[in-house]
2 protein chains.
Amino acid sequence: MLKNSEFIDKLRSSGLRPTKQRLKICEVLFNRDKTFHFTINDLAKNISEQLNEKISLATVYNTVHAFKNKGYLKEISINSDKSYFDTNITNHHHFFDEDSNELIDCDEDVIENLNIKKNITGKKINSVEVLIKVASDNQNQN
Amino acid sequence: MLKNSEFIDKLRSSGLRPTKQRLKICEVLFNRDKTFHFTINDLAKNISEQLNEKISLATVYNTVHAFKNKGYLKEISINSDKSYFDTNITNHHHFFDEDSNELIDCDEDVIENLNIKKNITGKKINSVEVLIKVASDNQNQN
DNA sequence: ATATAAATTATAATTATTCTAAACTGTTGA
DNA sequence: TCAACAGTTTAGAATAATTATAATTTATAT
């Protein structure tokens, strides 16, 4: 459980003003035991459940993007109509449950020896993401 | 270079009527030497360049989804405002060039021994996709 | 040929996201 | 302390991809 002053320091140190909206969003995102996988909509709902004044949707978008750019959030590649974010910024991979549209972290021992042996000339690798799509065993796939 | 009659057979055999729109789309998608990575917009533009009568955008969407459901196309996971599709339906992975928003197939020898050792209980694995995001070496990442 | 189901179409509707411009707030330094 | 300025928030409009609708057209089986 992080203190408010810790969030203030963190934001200031990365050049973001610690506004009350951002502090609230920090609290919702980072005061958790487990990784939080969310869409903007999940986050907005989560905030409004915990708060009587509302935070504008535009601010939620702005803040999530600011946090992503500062490296406090990761965006996860899923071909979907929405973007997914992850509070776990360590190098790790995901299952995506197509039944529930839910992301699940892969434990380290799920993927063995992932090793990229070549790269495109003149480019640097920014990220390597593995996405394992799963669905209920008895589901009709048509 | 596949013949029209081959596309007709293929469509019929999967329960899709071989309409002239679908045949034209088959031609654009599958009469190629190399894998085609595309967005709906890419495809629509490609069609309209080759055709004097137009195919409705709704039909392009319908057809791409039908082909995907029949397994003639793969959808690639990228967090982007658009969906990307691939005519290469074999098991393979991708680079995504963030400078140009372009997908590039990974050769088989790029990723070594990708091995999924565990799965979510009660689910079956539908796909495993690796996406390697790259960008120009000297690019500012903020 | 004709009936029927499937497909196409233009257009409207929906949804996620970004933009805009005005109001507000945090911070700096006189 | 407080004025000024840049950074932030905000509601709502704008944009863009995609899906839905409902009428028309087409493929095919009889």
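Proteins come first, then strands; the chains are lettered A, B, ... in the order of their sequence lines, and each starts at number 1.
A perpendicular orientation is assigned to the rings of A:His37 and A:His94, their planes being inclined by more than 60° (bins at 30° and 60°).
Distance, A:Lys45 NZ to C:dT15 C1': 15 Å, rounded to whole Å. In this structure, A:Ile25 atom CD1 and D:dT8 atom P are separated by 13 Å, rounded to whole Å. Per the geometry, NZ belonging to A:Lys20 stands 8 Å off C1' belonging to D:dT9, to the nearest Å. Distance B:Arg22 CZ to C:dA7 C1': 6 Å, rounded to the nearest Å. In this entry the distance linking CG of A:Asn101 with C1' of C:dT15 reads 14 Å, nearest Å. Distance CZ (A:Phe67) to P (D:dT8): 11 Å, rounded to an integer number of Å. Taking atom CG of residue A:Leu11 and atom C1' of nucleotide C:dG26, one finds them 13 Å apart after rounding to whole Å. Taking atom CG of A:Asn69 as the reference point, atom P of D:dT8 lies 12 Å away to the nearest angstrom.
B:Leu103 and B:Phe38 are not part of a single hydrophobic cluster, where members link through side-chain heavy atoms under 4.5 Å apart.
For the OP1/OP2 pair of C:dA7 and a distance below 4.0 Å, the side-chain nitrogens and oxygens of B:Thr63 include no atom meeting the criterion. Within the 4.0 Å cut-off from OP1 or OP2 of C:dT18, not a single side-chain nitrogen or oxygen of A:Tyr61 is found. At D:dT28, one or more side-chain N or O atoms of B:Arg12 fall inside 4.0 Å of OP1 or OP2 (strictly under the cut-off).
Annotation: side-chain hydrogen bond (donor to acceptor under 3.5 Å, both in side chains) contacts of B:Lys118 (sequence neighbours excluded): A:Asp109.
Under 4.0 Å is where a charged nitrogen must lie from a carboxylate oxygen, and between A:Lys74 and A:Glu129 no such pair does.
Membership of an apolar cluster is not assigned to A:Ile89, as no side-chain contact below 4.5 Å to another ILVMFWY residue is traced.
Looking at heavy-atom distances under 4.0 Å, A:Asn62 makes contact with a base.
For DNA chain D, the residues of residues 47-59 of chain A within the heavy-atom distance limit of 4.0 Å (strictly under) are A:Lys54, A:Ile55, A:Ser56, A:Ala58, A:Thr59, sorted by number. Contacts between residues 77-86 of chain A and DNA chain C, counted as heavy-atom distances below 4.0 Å, involve A:Asp81, A:Lys82, A:Ser83.
Between B:Arg17 and B:His65, the residue anchored closer to the 5' end of DNA chain D is B:His65, taking for each the nucleotide with the nearest heavy atom. If B:Thr39 and B:Thr19 are placed on DNA chain D by their nearest nucleotide, the residue sitting closer to the 5' end is B:Thr39.
Taking only side-chain atoms of B:Gln21, from C-beta outward, the nucleotide of C:dT8, D:dT18, C:dG26 with the closest atom is C:dT8.
Minimum interatomic distance between A:Leu23 and A:Phe7 (heavy atoms only, all atoms of both residues): CD2-CB, 3.6 Å. The two residues B:Ile78 and A:Ser77 come nearest to each other via the heavy atoms CA-CB, 4.0 Å. Annotation for B:Asp42 and B:Thr39: closest pair OD2-N, 2.9 Å, computed over non-hydrogen atoms.
Here the two rings, on B:Phe96 and B:Tyr84, have centers that are under 6.0 Å apart.
End-to-end axis angle for the helix from C:dA1-D:dT30 to C:dA30-D:dT1, using five pairs per end and rounding to 10°, comes out at 20°.
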For a quick test of your reading: what N or O donor-acceptor pairs under 3.5 Å do the side chains of residues 52-62 of chain A make, sequence neighbours left out?
from    : atom 1 : to      : atom 2 : distance (Å)
A:Ser56 : OG     : A:Ala58 : N      : 3.2
A:Asn62 : ND2    : A:Ala58 : O      : 3.3

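Note that CD1 of B:Ile111 is 4.5 Å distant from CD1 of A:Ile116, once rounded to the nearest 0.5 Å.
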Salt bridge (charged side-chain N to carboxylate O under 4.0 Å, His left out) between A:Asp99 and B:Lys123, intermediate numbers included: CA-CA 10 Å; A:Asp99 300 324; B:Lys123 303 277 175 177; 2.8 Å; yes
